[in-house]
Number of protein chains: 2
Amino acid sequence: MDHWFITMDGSLKARWQKAFPDAKPSTPELVEKRAKSGDLVWIVTSVASWPQLTQRLVPMGLTVVLLSYAPQDKEALKALDLGARGYAHTLAAANVLRQVALVVTNQGVWVGQELLAKVIGGTFKALSQRTEVSPSADSDHLALLTERERGVALAVSRGATNKEVARQLDITERTVKAHLSAIFKKLSVRDRLQLMLKLSPIREQASH
Amino acid sequence: MDHWFITMDGSLKARWQKAFPDAKPSTPELVEKRAKSGDLVWIVTSVASWPQLTQRLVPMGLTVVLLSYAPQDKEALKALDLGARGYAHTLAAANVLRQVALVVTNQGVWVGQELLAKVIGGTFKALSQRTEVSPSADSDHLALLTERERGVALAVSRGATNKEVARQLDITERTVKAHLSAIFKKLSVRDRLQLMLKLSPIREQASH
DNA sequence: AAAAATATTGTACTGATGGACAGATTAGAT
DNA sequence: ATCTAATCTGTCCATCAGTACAATATTTTT
């Protein structure tokens, strides 16, 4: 079983060589002629034709894994839909790449934990609403908060520190923390970073 | 990295001992005190409090895998939603358990193939109908960074802590800090929060 | 009237964060 | 052969963030 790494110029990143000493660099044109059934093909998504290439390689009995510099959920889902068996970060460490190889060559599927959590989280809520009474309306997160908590949440989502929020709202830093703790609990996030991520779509809508 | 197997009576199945010679049996009460960050905790779902236990263990930096005698999709989704990294059959063979351990300790997620296909297949259609992926307006910022710094910046912009980034890129937390300091200086931001704002695809200023 | 939700502030603690000093190594360019 | 940029790691320390206990006052709901 051979490893093929597909980039535009056929270059072979040192990390890949480290992960798989027998790794072979190649191009979209050449890999179709040289790869044998059962081989593992890694394609960098900066290769514009990766969707078409994936669609041709999978029926040939090749296992395809996509590598992206800026992983995006939609791209990952598209890759899996086209028959790819994995989607990982181009900069993944050597031991991670070996792990991916192990999984996908054993009939497994590899996707990042974040995507899976997102995908499954969304599906879980959808499934739950059919059988259970789920009070969480996932439409607008801010609707779950009180007026004061909303103020704090919005300030934090703009990157403000606790001290800054306190100054803006003319309350003590301790009170800001109290509101934040309530916000974290209500929205089920662990810290202000996750809060920013959860509220970022709202910021986007609010400015249009 | 230690393995902990949680059952009601703290018994240790022979299969588990075979898979991991250094496996330690424990109970829901004891594991919280004895397990260290990075350890892998296997919980049998016949332990009624597994959801609460999982929620407490995950934030502690522990990797949690659920084992069920009668795997069900819904239970698996709940487990993953609570932060578990794997869901397998209690009677899985030793070599399968070792495989699961390898995957989950490398930022991967282990679920049955059927469930994964079901979940991803269903979600893909839902996500596809959304708006097109916006061309990343952050490419200019990322261009200022080195390859490694880009990896760190992207992970942080997804809300990861330094410890998580370190695990993902297989470097020490100290090195993550070094890269972050360089990133902050290059992009003229004071902390990770401002970095997130700068790298978030859509900014409020951009729409004015 | 009683209960619940909201808003506010306090102390003390743990863990995360970022900077201040640093040094070591490796690959590539001049 | 030097030099430079990139990568990785170390200790120490001040600050920040979040929680665990709080308590008190006001408003709203039942």
Side-chain angles (χ1 to χ4, degrees), chain A residues 11-18 90-95 135 142-153 155-198, chain B residues 32-33 35-38 55-62 142-157 159-196 198:
Chain A
S11 68
L12 189 57
K13 289 280 191 307
R15 197 179 317 99
W16 301 339
Q17 187 82 64
K18 182 183 171 190
T90 308
L91 304 178
N95 63 341
L142 288 178
L144 292 172
L145 307 178
T146 67
E147 188 176 340
R148 208 61 168 151
E149 287 166 354
R150 238 182 336 261
V152 174
V156 166
S157 76
R158 287 186 218 107
T161 64
N162 288 343
K163 207 182 296 264
E164 288 169 343
V165 176
R167 266 199 296 267
Q168 286 173 31
L169 302 186
D170 196 30
I171 51 181
T172 66
E173 192 176 342
R174 176 65 189 85
T175 307
V176 175
K177 288 185 176 181
H179 287 308
L180 268 181
S181 290
I183 294 167
F184 294 157
K185 191 167 189 178
K186 284 184 178 178
L187 302 189
S188 300
V189 293
R190 68 177 179 203
D191 56 27
R192 62 209 300 120
L193 297 161
Q194 301 295 328
L195 176 64
M196 283 180 71
L197 290 175
K198 199 151 210 165
Chain B
E32 290 187 71
K33 299 177 181 176
K36 312 173 304 299
S37 176
Q55 274 186 313
R56 286 197 302 273
L57 295 179
V58 170
M60 291 171 61
L62 297 170
L142 290 177
L144 292 172
L145 307 178
T146 67
E147 181 179 285
R148 209 56 168 155
E149 287 167 354
R150 238 182 336 262
V152 173
L154 287 172
V156 166
S157 74
T161 65
N162 288 343
K163 203 182 297 269
E164 288 169 342
V165 176
R167 269 200 289 264
Q168 285 173 29
L169 301 187
D170 196 29
I171 52 181
T172 66
E173 194 175 339
R174 177 64 189 88
T175 307
V176 174
K177 289 185 179 180
H179 287 308
L180 268 181
S181 290
I183 294 168
F184 293 157
K185 191 167 188 176
K186 283 184 178 178
L187 301 189
S188 301
V189 293
R190 67 177 178 202
D191 55 27
R192 64 209 298 118
L193 296 161
Q194 301 294 327
L195 175 63
M196 282 181 73
K198 199 147 208 165

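Treat the numbers as computed from the prediction; the structure is a model and nothing was measured. Residue numbers start from 1 in every chain, and the chains themselves are labelled A, B, ... in the order their sequence lines are given, proteins ahead of strands.
Among residues at least two apart or in separate chains, salt bridge (Lys or Arg N to Asp or Glu O under 4.0 Å) pairs with a member in residues 186-196 of chain B are E164(A)-R190(B), E149(B)-K186(B).
Contact annotation: N162(B) side-chain N/O to dA16(C) OP1/OP2 distance is not under 4.0 Å. Between R174(B) and dC8(D) there is no side-chain N or O to OP1 or OP2 distance below 4.0 Å. Contact annotation: R148(B) reaches the phosphate of dC8(D) (side-chain N/O to OP1 or OP2, under 4.0 Å). At the phosphate of dA5(C), neither OP1 nor OP2 sits under 4.0 Å from any side-chain N or O atom of T146(A).
Listed by chain and number, the residues in a salt bridge (Lys or Arg N to Asp or Glu O under 4.0 Å) with E173(A) amount to none (sequence neighbours excluded). When the salt bridge (Lys or Arg N to Asp or Glu O under 4.0 Å) test is applied to K163(A), no partner is found at least two apart in sequence or on another chain. The salt bridge (Lys or Arg N to Asp or Glu O under 4.0 Å) test applied to R174(B) returns no partner, not counting sequence neighbours. Taking the side chain to side chain contact (heavy atoms under 4.5 Å, CB included) definition, one finds that S181(B) meets it with nothing, sequence neighbours left out. Legend: residues meeting side chain to side chain contact (heavy atoms under 4.5 Å, CB included) with S188(A), ordered by chain and number and at least two apart, are absent. Every residue was checked against the side-chain hydrogen bond (donor to acceptor under 3.5 Å, both in side chains) condition with Q194(A), not counting sequence neighbours, and none meets it. The side chain to side chain contact (heavy atoms under 4.5 Å, CB included) test applied to Q17(A) returns L12(A), not counting sequence neighbours.
Of the two residues near DNA chain D, I171(B) and T161(A), the one whose nearest nucleotide lies more 5' is I171(B). In this structure, F184(A) and E149(B) both approach DNA chain D, and ranking their closest nucleotides by distance from the 5' end singles out E149(B).
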Nucleic acid footprint by protein, nucleotides 25-30 of chain C - heavy-atom cut-off 4.0 Å, B for base, S for sugar-phosphate alone
------
Heavy-atom protein contacts under 4.0 Å, nucleotides 23-30 of chain D, coded B base, S sugar-phosphate only, - none
--------
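Across the protein-nucleic acid pair, K185(B) atom NZ and dT17(C) atom P stand 22 Å apart, rounded to whole Å. To the nearest angstrom, P of dG18(D) lies 13 Å from CG of L187(A). Between L145(B) atom CG and dA5(D) atom P the separation is 16 Å, expressed in whole Å. Atom CZ of R167(A) is separated from atom C1' of dC16(D) by 14 Å (rounded to the nearest Å).
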Once pairs are restricted to Watson-Crick or G-U wobble with both distances under 3.5 Å, how does DNA chain D read as a dot-bracket string, [ ] for crossings and | for other-strand pairs?
||||||||||||||||||||||||||||||
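Contact detail for V165(A) and A155(A): the closest heavy-atom pair is CG2-CB, 3.8 Å. Contact between G151(A) and L169(A) at its shortest, heavy atoms only, is C-CD1, 4.3 Å.
Near-neighbour residues of DNA chain C inside residues 175-183 of chain A, defined by a heavy atom below 4.0 Å, number-ordered: T175(A), A178(A), H179(A).
A distance-only check finds no donor-acceptor pair linking the side chain of K198(A) to the backbone of V189(A) [under 3.5 Å].
The distance from the CD1 atom of I171(B) to the CZ atom of R148(B) is 5.0 Å, given to the nearest 0.5 Å.
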